Amino acid sequence: MNTTSAAPAFLDQQQLHYLSTNSPIYYSPKASLVDGVPDHIFALAAPVIAYWLLSGFFHSLDISGWKWLEKYRIHESAEIKSGNLATRGEVLVQVILQQVIQTGMGLIWLTPAAAGDSVDHLANMLKLAGPMSSFIERILGQELSYHLLATRGAIGIYTLYWWAIPLVRLFIGIFLIDSWQYFLHRALHMNSYLYKKIHAQHHRLYVPYAYGTLYNHPLEGFLMDTLGSLIAERAAGLTPREATFLFVIAILKAVDIHCGYNFPWDPLQLVSANTANYHDIHHQVSALRDAATKPCSLGRRARACCSY
């Protein structure tokens, strides 16, 4: 395909050169982000690595004995030992089991995709030129829109292709994961049979800690985390690299709200009201059947469901 001949009239050689030679800071021209590891495989490995790195960090704080942490720690270590019904060994085995199931399902679900310089990004950007120019013409009129496109058309296409569309896809992915987990989590609390047979296992950790985040009944782990994430990936149309980012952010947030620390400068606890403090209350015996949901996260803000 001759991308130059396919270019719309408002894009001159200077603008085409801009599109063909500029890329965002996050872009990698490599066929895979990690040499020898296809991106769809890395999308499965990255959240597991992120889980244990962040969990390991919080566990190191738990055993550090540093006095300055006391004002940020929600519970003392003695409370964790006495309040929880599951041993750390049991938690570790169950978490690893869930991650094995998660990875196996991902190997079936995710597929390879071209990335980096193996993708004709210029051709893809030029496909956006027609719809973008039509939209701007409806808003500004023919004369003004042509002048704008002739001088700033390449910047508009670049921004749409490299920033706006990926961010919209990620937002959709976050919204779908959040909504999926909200309604499933709510159902597990509202239905006494489902709670006793499935979700009660997660609440054996009355005092949560970081690497116990994925301590769930295997069926809950599959439905809540694995299937929900994979459906969001497919429905949002994410590339493997975008899916990697989504999966890592989702698992970091989950670990963070189970960490047992209320740091005022923790960015993951600033983005929503579902903080470690709130989630700790949710795990307490008195709150097991009352705090049925995780309010005020991104998806529920969009639905204005923050009245719990």
Side-chain angles (χ1 to χ4, degrees), residues 1-43 46 110-178 229 232-250 252 267 271 298-299 301-302:
M1 173 182 175
N2 188 332
T3 53
T4 302
S5 62
F10 65 80
L11 288 176
D12 57 21
Q13 288 300 317
Q14 184 177 356
Q15 293 205 78
L16 286 172
H17 179 74
Y18 175 88
L19 290 175
S20 62
T21 57
N22 284 276
S23 56
I25 190 170
Y26 68 80
Y27 176 72
S28 170
K30 296 165 60 177
S32 57
L33 290 175
V34 178
D35 292 337
V37 181
D39 282 344
H40 71 292
I41 301 298
F42 184 65
L110 299 181
T111 56
D117 283 350
S118 61
V119 176
D120 191 344
H121 295 293
L122 179 58
N124 289 341
M125 282 188 276
L126 293 180
K127 291 176 184 177
L128 299 174
M132 187 188 77
S133 62
S134 297
F135 177 78
I136 294 175
E137 186 175 332
R138 287 196 194 98
I139 302 298
L140 301 179
Q142 186 173 4
E143 184 176 347
L144 184 57
S145 64
Y146 185 82
H147 175 73
L148 178 64
L149 291 170
T151 55
R152 295 289 186 270
I155 295 175
I157 294 171
Y158 173 92
T159 304
L160 187 63
Y161 181 79
W162 290 112
W163 293 102
I165 292 175
L167 285 174
V168 168
R169 285 198 295 251
L170 283 170
F171 181 86
I172 292 172
I174 292 170
F175 181 84
L176 291 174
I177 286 180
D178 193 57
S229 296
E233 176 269 339
R234 185 64 55 84
L238 301 179
T239 67
R241 294 183 184 185
E242 291 166 348
T244 301
F245 184 79
L246 175 66
F247 296 162
V248 168
I249 291 298
L252 289 179
V271 296
L298 187 56
R301 282 180 176 173

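Everything numeric here is computed off the predicted structure, so don't read it as measured data. For reference, positions follow the sequence shown, starting with 1.
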For this session: Please check if atom CZ in F245 has more than 12 non-hydrogen atoms from other residues, nucleotides or ligands closer than 6.0 Å.
Result: no

For this session: May I ask you to check whether over 12 heavy atoms, not counting those of R234, lie within 6.0 Å of atom CZ?
Result: yes

Any idea which heavy atoms bring [X] and [Y] closest together, and the distance?
X	Y	result
D39	A115	OD2-CB, 3.6 Å
L110	A43	CD1-CB, 4.2 Å
S32	V37	CB-O, 3.2 Å
L149	S133	CD1-CB, 3.4 Å
H40	P112	CE1-CG, 3.5 Å
F10	Q15	O-NE2, 3.0 Å

Can you tell me how far apart [atom1] ([X]) and [atom2] ([Y]) are? Round to the nearest 0.5 Å.
X	Y	atom1	atom2	value
T151	Q14	OG1	CD	11.0 Å
L144	I139	CG	CD1	11.5 Å
K127	D120	NZ	CG	8.0 Å
I165	T159	CD1	OG1	11.0 Å

Heavy-atom check, side chain of [X] versus side chain of [Y], under 4.5 Å:
X	Y	value
R169	L246	no
P240	F42	no
L11	L126	yes

For this session: Might you work through the side-chain contact (heavy atoms from CB on, under 4.5 Å) test for I249 and L170, ending with a clear yes or no?
Result: CA-CA 11 Å; I249 291 298; L170 283 170; over 6 Å; no

Per-pair distances, 0.1 Å, donor-acceptor, side chain in residues 16-27, under 3.5 Å, sequence neighbours excluded:
{"from": "S20", "atom 1": "OG", "to": "L16", "atom 2": "O", "distance (Å)": "3.1"}
{"from": "S20", "atom 1": "OG", "to": "H17", "atom 2": "O", "distance (Å)": "3.1"}
{"from": "T21", "atom 1": "OG1", "to": "H17", "atom 2": "O", "distance (Å)": "2.6"}
{"from": "N22", "atom 1": "ND2", "to": "Y18", "atom 2": "O", "distance (Å)": "2.9"}
{"from": "Y26", "atom 1": "OH", "to": "W162", "atom 2": "O", "distance (Å)": "2.4"}
{"from": "Y27", "atom 1": "OH", "to": "G116", "atom 2": "O", "distance (Å)": "3.1"}
{"from": "Y27", "atom 1": "OH", "to": "D117", "atom 2": "N", "distance (Å)": "3.3"}
{"from": "Y27", "atom 1": "OH", "to": "D117", "atom 2": "OD1", "distance (Å)": "2.8"}
{"from": "Y27", "atom 1": "OH", "to": "H121", "atom 2": "NE2", "distance (Å)": "3.4"}

For this session: Mind checking side chain to side chain contact (heavy atoms under 4.5 Å, CB included) for A232 and listing every partner two or more places apart, or none if nothing turns up?
Result: L176, I177

